[in-house]
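Count residues from 1 along the sequence. Remember, predicted model here, so these are calculated numbers, not experimental data.
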Amino acid sequence: MTAILKWPLVSNRNEQALIGWALLAVLAVWQLNGFYLPALGRLDARLFWAADGLQWLVLPAVLLGRLAHKAGLRPRHYGLASPGENLWPLAWQSLMVFITAGLVFVVARNLSWRVLGPSPGSFQWEQVFPHGLAGVGVQIYAAVSAGLVESIFSIGLPWLLWCSVRQHGSELHFTCAVSAIFALAHWEHGRHIVIAAFFSHFVMCRWFLLWRTLWPVVLGHTMIDLAASF
């Protein structure tokens, strides 16, 4: 590992390939889950949540563990360095992400619905959420896991790979590319959610590139998903 402009780079081609394969594995699951998760949900909500746990907990843990073992990658390499003892900067940064990205999501979703017409999609979360306290617990799990895993695999690790391969690549090109990929992973929820996800993710990427830490994005993303659930 080397550091240029205080950002760790991966110079070894084999290690870069490991990151690339990890990202491709997650991307493939994100694109395909719009087919199998609704089908499992219609059969049994327990099957849905079992598969969800595999893709949001087990798979990321295995991939990150492999990257740690084979490439020596630690959380600090993809933006999750310790925030330190003073958490006030992290608090207001997370709030900024929540407000700006959340507002952009709502505006883009509503405008696209009005301009392009209804697009309900093939799957709605309400179909599989349990009721009562169990539902609250599942909503918290879904928000936290999505906020953490999506931030790592759609911003942190891609940025590490982008910097390592290109070194002088455009931040704007990176932001547009990963935002488009992230948005397309939400295809099963309808085109208005795809459009809203693109612009919301674009905002979160810009905050990450400004602050060079992923923690505000993780927390802000989690708060957005929690607000959408309740």
Side-chain angles (χ1 to χ4, degrees), residues 1-11 15-16 18-20 22-23 26-27 30 56-57 60-61 63-65 67-68 71-105 140 142-183 185 197-227:
M1 297 288 175
T2 58
I4 298 178
L5 298 178
K6 297 183 179 181
W7 192 262
L9 301 181
V10 179
S11 57
E15 294 176 354
Q16 292 174 3
L18 285 173
I19 299 173
L23 292 173
V26 171
L27 175 61
W30 286 357
W56 289 107
L57 298 178
L63 293 174
L64 292 176
L67 289 176
L73 293 186
R74 299 295 184 267
R76 68 179 183 275
H77 293 119
Y78 39 87
L80 293 178
S82 172
E85 295 182 1
N86 184 9
L87 298 180
W88 285 112
L90 175 59
W92 74 260
Q93 288 171 346
S94 302
L95 186 61
M96 284 294 294
V97 173
F98 170 67
I99 293 173
T100 56
L103 182 61
V104 165
F105 182 92
I140 293 174
V144 172
S145 61
L148 180 61
V149 174
E150 288 183 347
S151 297
I152 292 173
F153 285 91
S154 67
I155 299 179
L157 280 176
W159 176 247
L160 174 61
L161 184 60
W162 179 273
C163 290
S164 300
V165 173
R166 301 180 67 88
Q167 296 191 18
H168 301 292
S170 166
E171 291 185 355
L172 179 59
H173 291 168
F174 167 81
T175 302
C176 291
V178 295
S179 297
I181 293 171
F182 176 81
F198 173 85
F199 288 106
S200 179
H201 193 268
F202 189 97
V203 171
M204 289 189 281
C205 277
R206 299 312 295 175
W207 283 127
F208 166 74
L209 293 170
L210 174 65
W211 295 322
R212 290 298 199 262
T213 173
L214 201 58
W215 283 117
V217 175
V218 171
L219 296 176
H221 189 161
T222 299
M223 288 190 288
I224 291 171
D225 285 1
L226 282 173

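Taking both residues in full, the closest heavy atoms of Val149 and Pro60 are given as CG1-CG, 3.8 Å, listed atom of the first, atom of the second, then distance. Between Ile19 and Leu67, the closest heavy-atom pair is N-CD2, 3.8 Å. The two residues Gly147 and Thr222 have their closest heavy-atom pair at CA-OG1, 3.6 Å. Nearest heavy-atom pair across Asp225 and Ala143 is CB-CB, 3.7 Å. Ala101 and Met204 make their closest contact through CB-CG, 3.7 Å (heavy atoms, listed as atom of the first residue, atom of the second, distance). Taking both residues in full, the closest heavy atoms of Leu9 and Leu160 are given as CA-CD1, 4.4 Å, listed atom of the first, atom of the second, then distance.
Put simply, CH2 on Trp92 and CG on Leu87 are 14.0 Å apart, with the number rounded to the nearest 0.5 Å. With values rounded to the nearest 0.5 angstrom, Phe208 atom CZ is found 7.0 Å from Ile155 atom CD1. Rounding to the nearest 0.5 Å gives a distance of 4.0 Å between CH2 of Trp56 and CD of Glu150. A distance of 11.0 Å separates CG in Leu18 from CG in Leu161, rounded to the nearest 0.5 Å. Within the model, atoms NE2 of His77 and CD of Glu15 stand 9.5 Å from one another, a figure rounded to the nearest 0.5 Å. Rounded to the nearest 0.5 Å, atoms CG (Leu23) and CZ (Phe153) are 7.0 Å apart.
Phe174 meets the ring-ring contact (aromatic ring centres under 6.0 Å, His included) test with Trp159, Trp162; sequence neighbours excluded.
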Check against side-chain contact (heavy atoms from CB on, under 4.5 Å), Val203 and Leu103: CA-CA 10 Å; Val203 171; Leu103 182 61; over 6 Å; no
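Each of Leu219, Thr213, Leu214 was evaluated against Pro216; a single residue qualifies, Thr213, per the side-chain contact (heavy atoms from CB on, under 4.5 Å) test.
Judged purely by atom type and a 3.5 angstrom limit, Arg74 uses its side chain to pair as donor or acceptor with the backbone of Ala68. Checking side-chain atoms of Arg212 against main-chain N and O of Leu209 turns up a donor-acceptor pair under 3.5 Å.
Within 6.0 Å of CZ on Phe199 lie no more than 12 heavy atoms contributed by other residues, nucleotides or ligands.
Applying the side-chain hydrogen bond (donor to acceptor under 3.5 Å, both in side chains) test to residues at least two apart or on different chains, the pairs with a partner in residues 200-210 are Thr100-Trp207, Ser154-His201, Thr175-Arg206, Ser179-His201.
Proximity of Leu73 to Leu157: side-chain heavy atoms (C-beta onward) are separated by under 4.5 Å at one or more points. Between Phe202 and Leu172 the shortest side-chain heavy-atom distance falls below 4.5 Å.
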